[in-house]
Structures are given as structure tokens and as C-alpha cells.
Amino acid sequence: MGASSVVDDRHPSLLKESGQREVFCGLTSIVWLHRRMPDAFFLVVGSRTCAHLIQSAAGVMIFAEPRFGTAILGERDLAGLADANEELDRLVTDLLVRRPEIRTLFLVGSCPSEVIKLDLAKAAERLNTQLAGRVKVLNYSGSGIETTFTQGEDKALLAMVPLMPSSDVDQLLIVGTLADAVEDRLVQLFGRLGIPVVTSLPPRRSTELPPIGPGTRVLLAQPFLSDTARALVNRGARLLAAPYPFGVEGSRAWMAAGAEAFGVAPAQVAAVLDPLVERGRRAIAPHRELLAGKRLFLLPDSQLELSLARFLQRECGMELVEVGTPYLDRQLLDAELALLPEGTRISEGQDVERQLERVRAARPDLVVCGLGLANPLEAEGIATKWSIELVFSPIHGCDQAGDLAELFARSLRRRAALSFA
Ligand code: SF4
């Protein structure tokens with residue numbers, strides 16, 4: 001049974017809901033993680049359902065040489081008749097013979113592996129001893145019981161934190177998967193700001209993990225990395241508070257927070273960033289013309305919702321009807337919450353039928369939602385934007401602000417172009 005309640009005095013319009021959900025599990029994040037680290041392999045230990053999910057999410061990518069797969073638990077495993085551990089070891093050995101280029105192997109837990117209590121942490125330990133020096137074996141859970149969509153990345157990065165070498169070196173560490181070109185650009189800009197050492201987690205090569213220690217200042221590039229952020233802080237790093245680098249305002253504030261932590265003078269920050277802000281604003285302008293005054297409803301999906309709502313409201317002039325998020329980490333989203341207009345209705349968790357009733361009652365101009373709801377809502381005459389595109393597209397930084405606005409404007413433009421009324 002679903003439930004909803006108002007839980008917070010500071011944000012009186014925060015609605016906490018639980019009930020039926022319409023979201024991905026954390027396995028989906030393998031689709032972008034494996035592209036980031038081509039020398040890693042993600043082996044899901046799960047059922048055919050899990051294999052089907054990844055196949056559907058990865059689309060045509062499965063025809064390229066895949067760096068992910070599923071060890072399918074059979075009926076004998078589920079009934080406890082077979083020694084699943086032995087089978088897993090055999091499978092991993094075969095895999096590594098066929099794919100000698102693999103340097104890091106992630107054993108990814110799923111609902112079935114968790115339900116039968118297959119201890120993948122132990123399995124990783126055992127395999128690490130067998131494969132010492134050749135391949136690192138890590139483990140995390142991407143199951144639907146424990147994780148929602150992008151939280152899979154949080155768990156994968158969390159598994160890498162203990163392997164990061166300790167160091168006191170002064171550095172800026174960017175955490176969260178970025179498109180390579182976006183990362184290059186951000187590193188170049190930080191260099192122009194005078195920050196000499198900029199590293200990334202996850203790295204491009206899984207074996208080249210950045211160091212960590214008291215000299216490390218962390219800028220999160222994504223708002224869904226709660227567990228990873230805390231683990232980095234536990235290793236001595238300092239977490240910088242900033243809104244996330246979406247749109248020109250968020251990107252400027254994010255980079256400025258990094259610069260401030262290294263004592264860069266505000267005039268230097270302005271000299272490097274203000275021309276980018278100007279250009280970004282010009283790129284947003286034509287989309288703002290279309291988006292301004294339009295009413296927006298975001299359904300929970302990736303935890304990017306608050307940041308996107310802030311961008312669309314403040315830089316594109318949209319009105320927020322409701323901002324849904326699967327999970328709200330107040331500490332990580334404090335800067336974003338402060339930028340949202342007072343009284344914005346924020347919902348955490350989901351009771352999908354109740355939420356759809358609110359969508360229908362409000363008749364927003366645009367709904368941001370997952371693929372499962374997009375076409376049904378379109379059929380009801382409500383314009384939608386698929387949220388999954390937002391985790392696959394390069395949308396970080398001032399340079400991408402125009403493209404980010406365009407992703408939302410496109411849905412409305414298409415609708416207008418197809419209208420015969
Ligand atoms: S991990 Fe769970 S939710 Fe995800 S595909 Fe497998 S069974 Fe489904």
C-alpha cells in the first residue's frame with residue numbers, strides 16, 4: 001500500500017512517498033560505467049531478467065565487444081543444489097582466459113543473488129587471492145532492492161575508494177562519470193584558474209586510481225554519490241559545497257567553489273569564467289524563448305531532478321509544478337535546495353499512481369519521466385522528455401548549457417511541429 005506524508009518543517013512542501021515505483025535498478029549504470037573504463041568488466045550475478053534489463057538499456061551497444069555480462073543463476077543455484085561459488089569461479093576463470101585485457105572485474109550483485117544470500121564480497125576476496133597481481137576483483141550491489149538507477153554508480157565508485165592510494169598531495173578530485181571531452185575541458189579550465197593537479201574518479205583506466213588524503217578537495221560532478229562522498233571524507237578529503245555543474249549558473253558556482261578552495265582570487269575566477277557564462281547565456285536564449293512560462297513536472301528517476309529544476313526555473317524561466325527525486329540527500333543537495341523558489345513542491349520516493357493523478361490534475365506543459373511513462377502520457381496529450389537521455393548526454397559545464405536547454409525545448413518544438421490544430 002502506498003503512503004505519503006509531509007515530513008519537514010523547513011521545506012513544508014516536501015512530500016515523502018512510498019508505494020509502487022517506476023524506476024530502474026542500479027544495474028543500468030553499468031551501461032555508462034563500462035564506457036568510462038574500457039579495461040574493466042562488469043559481471044552481474046543475477047537472473048535472465050537482469051540480463052534482459054541490461055540488454056534493453058544498452059541497446060545496440062551489446063553488438064560491440066561487450067565489457068559486461070550476466071552470470072545467470074539457474075534453478076539448481078536458486079534451490080541451493082549447486083555450489084554457486086564454484087560455478088562462479090569457473091565462469092570467471094573462463095572469462096579471463098578469453099579476455100586477457102581485463103584489469104578490473106566488478107562482481108555486481110542483483111536481487112536474486114541477494115535473496116539467496118550469495119556472498120559476493122567473499123567471492124571477490126577469494127578470486128583476488130587466486131588472481132593476485134593480474135586482475136583486481138571488486139564487488140558491489142546494483143540490485144533493485146538496494147539501489148535506484150544512478151545509485152549503481154555510487155556503489156561502484158564506493159567499491160573503488162579503498163583501493164585509492166593514500167597521499168597528502170594538494171589536488172582537486174572530480175567525482176562522478178563525465179564524458180571524456182567534458183572532463184578534458186573542465187581540467188583545462190581549472191588549469192587556467194591556477195589549480196595544478198586535477199584528478200578524476202572513476203579514472204579512464206581502472207588501474208590508475210587517483211590518490212586520496214588530507215590535501216584532496218572533492219567536487220562532486222553528480223548529485224547521486226552520497227556513499228562515495230562520505231567514504232572519501234573518511235579518507236581525509238574535504239567535500240566542497242556547491243550546486244552541480246548544470247547550466248551556466250551551476251557550472252560557474254561549481255568551478256568557483258573549486259577555485260576558492262585553492263585560494264584563487266575572485267578577479268582571476270571572473271576573468272576565466274565570465275566569458276564562458278556570457279557565451280552560455282547566449283546559447284540558452286533561443287530555448288528560453290520557448291521554455292519561459294511553461295509549467296514543468298519532474299518524476300523521480302536519477303537524482304538529477306533538483307539540479308535540472310533549478311536550471312530550468314532560474315535560467316530558462318520555467319515554472320515548477322513538482323520536483324520528484326527517488327532519494328533526497330539534504331547534505332549533498334543543500335546548495336540546490338537554497339536556489340529553488342520557496343514553496344516548490346518537492347517529492348521524495350514514489351507512489352506512481354498518486355503522482356500520476358497529480359500530473360493529470362495539474363496538466364503541466366512538460367513532464368520529465370522514464371520511458372515507461374513517456375508514451376502513455378504523450379497519448380494523453382501531455383508532452384514529455386525522457387529522463388534517461390540526461391545521464392547519457394554530455395550536459396555538464398557552461399559550454400553545454402545551450403545543449404541542455406535544447407534537450408527540453410526539443411520536446412515542445414516537436415509537439416508544436418506535429419500539431420495540426
Ligand atoms: S537486479 Fe533486480 S530489479 Fe534489477 S533487473 Fe535484476 S531482478 Fe530486476
Side-chain angles (χ1 to χ4, degrees), residues 2 17-35 40-62 66-80 82 84-85 87-88 91-92 95 105-124 137-159 177 224-227 299-303 324-327 349-353 355 369-374 386-388 391-392:
E17 288 199 306
S18 63
Q20 194 175 329
R21 299 186 309 157
E22 186 69 42
V23 286
F24 284 122
C25 66
L27 294 187
T28 331
S29 52
I30 292 171
V31 176
W32 64 88
L33 281 170
H34 89 279
R35 284 160 79 189
F41 193 98
F42 293 79
L43 183 64
V44 177
V45 183
S47 65
R48 278 186 204 285
T49 310
C50 310
H52 285 152
L53 171 93
I54 304 192
Q55 236 165 31
S56 320
V60 292
M61 270 184 241
I62 55 165
R67 291 184 303 274
F68 52 84
T70 310
I72 293 174
L73 293 164
E75 277 173 20
R76 280 166 50 78
D77 301 304
L78 296 171
N85 283 312
E87 288 193 16
L88 185 61
L91 210 136
V92 166
L95 172 71
L105 175 70
F106 288 92
L107 297 179
V108 189
S110 67
C111 304
S113 74
E114 267 159 34
V115 168
I116 65 165
K117 304 225 179 306
L118 189 58
D119 192 339
L120 291 183
K122 272 237 172 71
V137 185
L138 297 176
N139 123 274
Y140 71 92
S141 169
S143 82
I145 304 168
E146 290 207 2
T147 58
T148 299
F149 195 23
T150 48
Q151 276 179 323
E153 175 171 341
D154 189 24
K155 303 288 182 208
L157 300 193
L158 178 68
T177 300
F224 46 74
L225 299 169
S226 304
D227 292 351
L299 288 150
D301 196 54
S302 61
Q303 296 186 52
T325 176
Y327 175 61
Q350 190 172 44
D351 181 342
V352 71
E353 289 305 331
Q355 200 163 34
C369 62
L371 292 168
L373 295 172
W386 294 350
S387 48
I388 193 165
V391 293
F392 292 137

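Each ligand, and each atom within it, is numbered from 1 in the order the structure gives. Given the structure is predicted, the values throughout are model-derived calculations rather than measurements.
Side-chain contact between Ile145 and Val115 is present, with at least one heavy-atom pair separated by less than 4.5 Å. Between Thr148 and Phe224, every side-chain heavy-atom pair lies at or beyond the 4.5 Å cut-off.
Arg21 approaches Gln350 most closely through the heavy-atom pair CA-OE1, 3.5 Å.
Counting only protein N, O or S atoms, the number found under 2.8 Å from atom 4 (Fe) of ligand 1 is 1.
For the side-chain hydrogen bond (donor to acceptor under 3.5 Å, both in side chains) test, no residue two or more places apart in sequence or in another chain qualifies with Ser113. Phe149 pairs by the ring pair (Phe, Tyr, Trp, His ring centres under 6.0 Å) definition with Phe24, Trp32, not counting sequence neighbours.
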Could you list the donor-acceptor pairs under 3.5 angstrom formed between side-chain atoms of residues 42-54 and any protein atom two or more places apart in sequence or on another chain?
residue, atom, partner, partner atom, Å
Ser47, OG, Thr49, N, 3.3
His52, ND1, Arg48, O, 3.4

